[in-house]
Amino acid sequence: MQIQKTSLPGVLVLVPRRFGDDRGFFCESWSRKTLHDAGLDLPEFVQDNHSLSAAAGTLRGLHFQAPPHAQGKLVRCGRGRLFDVAVDIRKGSPTYGQWTGCELSFENGRQLWIPAGFLHGFVTREPDTEILYKCTDYYAPDCDGSVVWDSIGIDWGIAGRPILSAKDAAAPSLNEFDSPFTYEGPFDYEARL
Ligand SMILES: Cc1cn([C@H]2C[C@H](O)[C@@H](COP(=O)(O)OP(=O)(O)O[C@H]3O[C@H](C)C(=O)[C@H](O)[C@H]3O)O2)c(=O)[nH]c1=O
């Protein structure tokens with residue numbers, strides 16, 4: 001398991017080991033023990049999500065769930081290729097409003113850990129791209145929130161306007177948005193990695 005820091009403290013790229021042979025490969029895509037042994041104890045995951053986006057240039061996000069049902073997410077790409085983005089929305093954080101992104105694909109096997117307190121969104125870079133992600137809390141529509149994709153200066157790597165849901169197109173800008181999250185200091189695992 002490789003663990004890589006990003007420009008946002010707390011957001012990590014994880015790359016599980018793949019065992020290749022002439023049939024293909026085998027990979028433990030999630031192991032609490034493997035991460036614990038590497039110094040990373042993530043909160044418990046309670047829900048797995050899976051979505052398919054048919055067209056390249058489909059953008060889902062930027063979403064969060066507010067407390068008491070804030071979600072941390074461990075994201076990976078099951079088929080195709082996407083650019084995954086996290087944005088720090090913890091009031092008082094030294095990196096408030098800053099973003100980091102990472103290309104996740106079936107080929108590269110990368111995963112992105114996004115703690116609660118961050119927006120999450122992605123744009124697909126190939127047709128028929130599937131995203132799978134583990135969440136640390138259950139879906140709670142009453143706590144659902146979003147910020148519009150083009151209000152933060154994110155370089156999505158796309159030309160023109162993406163395919164968006166009506167909900168995402170109508171989301172408020174970051175400046176119009178009052179975050180429910182407050183910075184509580186570094187995550188405990190930051191010092192160990
Ligand atoms: C998120 C979610 C949705 N749903 C239902 C509600 C809707 O009827 C339908 C589609 O939901 P939505 O349009 O919010 O799906 P996405 O646009 O893919 O949203 C997700 O994409 C971004 C990138 C995320 O990180 C979030 O997990 C989530 O907001 O699935 C559920 O039943 N359970 C769920 O956990």
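Computed from a predicted model, the values in this text were never measured in an experiment. Each ligand, and each atom within it, is numbered from 1 in the order the structure gives.
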Enquirer: Name the orientation class of the two ring planes belonging to F118 and F187 (parallel below 30°, tilted from 30 to 60°, perpendicular beyond 60°).
Expert: tilted
Enquirer: State plainly whether the residues R81 and E103 are in salt-bridge range, i.e. N to O under 4.0 Å.
Expert: yes
Enquirer: Establish, for the pair R125 and F106, whether the NZ or CZ atom is under 6.0 angstrom from the six-membered ring centre and no further than 45 degrees off its axis.
Expert: no
Enquirer: Taking the side chain as every heavy atom from C-beta outward, state whether I3 and L35 have any pair of such atoms under 4.5 Å apart.
Expert: yes
Enquirer: Side chain of Q47, backbone of Y139: donor and acceptor closer than 3.5 Å?
Expert: yes
Enquirer: As a test of reading the model: which N/O atoms of the protein lie under 3.5 Å from N/O atoms of ligand 1, and at what distance?
Expert:
{"from": "ligand 1", "atom 1": "14 (O)", "to": "K167", "atom 2": "NZ", "distance (Å)": "3.1"}
{"from": "ligand 1", "atom 1": "18 (O)", "to": "R60", "atom 2": "NH1", "distance (Å)": "2.9"}
{"from": "ligand 1", "atom 1": "19 (O)", "to": "H63", "atom 2": "ND1", "distance (Å)": "3.3"}
{"from": "ligand 1", "atom 1": "21 (O)", "to": "H63", "atom 2": "ND1", "distance (Å)": "3.3"}
{"from": "ligand 1", "atom 1": "25 (O)", "to": "K73", "atom 2": "NZ", "distance (Å)": "2.8"}
{"from": "ligand 1", "atom 1": "25 (O)", "to": "H120", "atom 2": "ND1", "distance (Å)": "2.7"}
{"from": "ligand 1", "atom 1": "27 (O)", "to": "Y133", "atom 2": "OH", "distance (Å)": "2.7"}
{"from": "ligand 1", "atom 1": "29 (O)", "to": "H63", "atom 2": "ND1", "distance (Å)": "2.5"}
{"from": "ligand 1", "atom 1": "35 (O)", "to": "Q47", "atom 2": "NE2", "distance (Å)": "3.0"}

Enquirer: Using a strict 4.0 Å threshold on nitrogen-to-oxygen distance, state whether D144 and K167 make a salt bridge.
Expert: yes
